[in-house]
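Let me begin by presenting the structure, written as structure tokens, before commenting on it.
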Amino acid sequence: MSKILVTGGAGFIGANFVHYWRREYPADTLVVLDALTYAGNPANLEAVKDYRNFHFVHGNILDQALTEGLLREHEIDTIVHFAAESHVDRSIHGPDAFIETNIVGTHSMLKAAREVWLTGSGRDHRFHHVSTDEVYGSLEPDDPPFAETTAYAPNSPYSASKAASDHLVRSYHHTYGLQVTISNCSNNYGPYQFPEKLIPLVVVNILTNRPLPIYGDGQNIRDWLYVDDHCRGIDLVLKKGVVGGVYNVGGNNEWTNIEIVRLICGLMDEQFAVDEGLKARFPDAPQVRGLKAASLITHVKDRLGHDRRYAIDAAKCRAELGYVPQESFATGIRRTIAWMLDNEPWWRAVMDGSYRDWLDRHYGKMRA
Ligand code: NAD
Ligand code: DAU
């Protein structure tokens, strides 16, 4: 039985990881450490909050003493480190938080792990660092996808901060012998994704009749992976990965942004055609006026330094860990849209900011 500290577990992927892990390993202890920034939402953990072996701690990864205390108190043997500032646009407008959390915060986690696991107990342990394909930079149309051996070339403050954190994690293994693994994953989508990211933003904007902003010409390419398949990849790295190893996790699923947006528009039109009730629930949606969702598509100014193409070569993961994504894009995108339609209160609360009040009312007792 494992005792796992999940940083950033109230965010998108961290929360999905918590749900995944509870389903797969119900006897394991999970301790979530999360600062509840704008991206952290306790509603994401509502379904697990009453389990005996689940603990939520409201706190910052910059607080090394707090992390050390948690590692000791819960006899943690595994850290899965998701906590980060994750949105590229925000890193362009305000890089400081990215340097603080992603670099200094990761270093604080490493120092705590070293203190407790190496200087202290000497127990067998794992520090798994969750990183991104963006550290490798941008691909030309005919370039091969990113392999683990691809040179780092980060282009945004976000990806540069993640690259720096990857190097720190690597160095703590090489210098001190900390038992680390790193995964670099492509774009995730699925339940609980904050609606500032492309896919949930498009769904919410269609339902509320807002423009669908396409940066630049919309020909930028991303490699999309359903979030559970990322969680499964991390599980395999934890169970079968080589200590000190780096693993690229991806979906072999490249789409241009405009293709993705048009696909979602088509699926939303289809939903409104088969489910009459949607018109009553979403009276502002373009379909109510006989318009197509795609009528909302609006080309806007490009993101500064916008990377053109990302794609992951997951051959190492496949060969060494037996990793194969289970969700096809056709089914994953439908599941995601269905989740958004079934969980309207979740995204409404995020949109109007009331998810922050909700947090004070329901989780006051759990906050530091
Ligand atoms: P997210 O922004 O949805 O969630 C981040 C979480 O971290 C939030 O709950 C937030 O409150 C918490 N957090 C932020 N700063 C903190 C701090 N200083 N101390 C404690 N908690 C803090 O992010 P996400 O999309 O779930 O991404 C999770 C991780 O996966 C990140 O490290 C990101 O770089 C990586 N990643 C994301 C994607 C993707 O497509 N979203 C792809 C590859 C890798
Ligand atoms: O590749 C992995 C990365 O994927 C993660 O490391 C990041 O944490 C995650 O945010 C994501 O980064 P992107 O910048 O690729 O994701 P985003 O959803 O912000 O944008 C996807 C693409 O869509 C990108 O080319 C920019 C474009 N876009 C995005 C938004 C929000 C638009 O055209 N319009 C938009 O409104």
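Order of listing sets the numbers, starting from 1, for every ligand and every atom in it. Since this is a predicted model, take the numbers as computed values, not measurements.
- With a 4.0 Å heavy-atom cut-off, ligand 1 is reached by the side chain of Tyr158 but not by its N, CA, C or O.
- Under the side-chain hydrogen bond (donor to acceptor under 3.5 Å, both in side chains) criterion, Asn248 pairs with Tyr136, not counting sequence neighbours.
- Taking the six-membered ring for Trp and thresholds of 30 and 60 degrees, Phe56 and His58 have nearly parallel ring planes, at less than 30 degrees apart.
- Residues Arg72 and Glu68 are paired through a salt bridge, judged by an N-O separation under 4.0 Å between the basic side chain and the carboxylate.
- When each of Asp166, Thr132, Asp133, Thr150 is tested with Asn184 by the rule side chain to side chain donor-acceptor pair (under 3.5 Å), just one qualifies, namely Asp166.
- Heavy-atom contacts of Thr132 reach the following atoms of ligand 2: 1 (O), 2 (C), 3 (C), 5 (C), 6 (O) (cutoff under 4.0 Å).
- Considering backbone and side-chain N/O of Asn187, one or more are found under 3.5 Å from N/O of ligand 2.
- In this structure, of Gly59, Ala84, Gly8, the residue bringing a heavy atom nearest to atom 5 (C) of ligand 1 is Ala84.
- A salt bridge is absent between Arg308 and Glu140: the closest approach of a Lys/Arg side-chain nitrogen to an acidic carboxylate oxygen does not fall below 4.0 angstrom.
- Side chains of Ser183 and His128: a donor on one and an acceptor on the other come within 3.5 Å.
- Looking at Asp89 and Arg303, a side-chain N of the basic residue comes within less than 4.0 Å of a carboxylate O on the acidic one, giving a salt bridge.
- We find that Lys316 and Glu148 are not joined by a salt bridge, their nearest charged nitrogen and carboxylate oxygen being 4.0 Å or further apart.
- No hydrogens or angles considered: nothing links the side chains of Gln64 and Thr67 as a donor-acceptor pair under 3.5 Å.
- In summary, the atoms of ligand 1 found under 4.0 Å from a heavy atom of Phe82, numbered by their order in the structure, are 28 (C), 29 (C), 31 (C), 32 (O).
- Ionic pairing of Arg90 and Glu196 is present here: one or more N-O contacts between side-chain nitrogen and carboxylate oxygen are shorter than 4.0 angstrom.
- In terms of polar-atom proximity, defined here as any N/O pair under 3.5 Å, Leu198 does make such a contact with ligand 2.
- Among Pro42, Ser165, Gly9, Ala35, the residue whose heavy atom lies closest to atom 16 (C) of ligand 1 is Ala35.
- Compare His306, Lys197, Arg309, Arg303 by their heavy atoms: the one nearest to atom 14 (O) of ligand 2 is in Arg303.
- Taking atom 23 (O) of ligand 2 as the reference point, the nearest protein heavy-atom neighbour is Asn257 ND2, 3.3 Å.
- Note on ligand 2: Lys162 sits outside its first shell, no heavy atom being nearer than 4.0 Å.
- Remark: ligand 2 and Tyr215 share an N or O pair separated by less than 3.5 Å (distance only, no angle test).
- A salt bridge links Arg309 to Glu254: at least one charged side-chain nitrogen sits closer than 4.0 Å to a carboxylate oxygen.
- Residue, atom and distance of the protein heavy atom nearest to atom 5 (C) of ligand 2 are Tyr158 OH, 3.6 Å.
- For Asn60, a nitrogen or oxygen atom sits less than 3.5 Å from a nitrogen or oxygen atom of ligand 1, counting backbone and side chain alike.
- Neither the backbone nor the side chain of Glu100 comes within contact range of ligand 1; no heavy atom lies under 4.0 Å.
- The heavy atom nearest to atom 2 (C) of ligand 2, out of those in Asp133, Asp302, Asn184, Thr256, is found in Asp133.
- Listed by number with element, the atoms of ligand 2 under 4.0 Å from a non-hydrogen atom of Ile214 are 33 (O).
- Between Glu134 and ligand 2, a contact under 3.5 Å exists for at least one N or O pair.
- Between Ser186 and ligand 2, a contact under 3.5 Å exists for no N or O pair.
- Residue Leu201 has no N or O atom closer than 3.5 Å to an N or O atom of ligand 2.
- Using a 4.0 Å cut-off between charged nitrogen and carboxylate oxygen, Arg232 and Asp235 do not count as a salt-bridge pair.
- Within ligand 2, the atoms closer than 4.0 Å to a non-hydrogen atom of Tyr310 are 1 (O), numbered from 1 in the order shown.
- Residue Leu36 touches ligand 1 through its backbone alone, judged by heavy-atom distances below 4.0 Å.
- Ligand 2 places these atoms under 4.0 Å from at least one heavy atom of Val88: 14 (O).
- Note on Glu270 versus Arg334: salt bridge recorded, some NZ/NE/NH1/NH2 to OD/OE distance being below 4.0 Å.
- Below 4.0 Å from some heavy atom of Ser86 lie the following atoms of ligand 1, by number and element: 1 (P), 2 (O), 23 (O), 25 (O).
- At the top of the distance list for atom 8 (O) of ligand 2, counting protein heavy atoms only, stands Ser86 O, 2.7 Å.
- Remark: Glu73 pairs with no residue by the side-chain hydrogen bond (donor to acceptor under 3.5 Å, both in side chains) rule, at least two apart or across chains.
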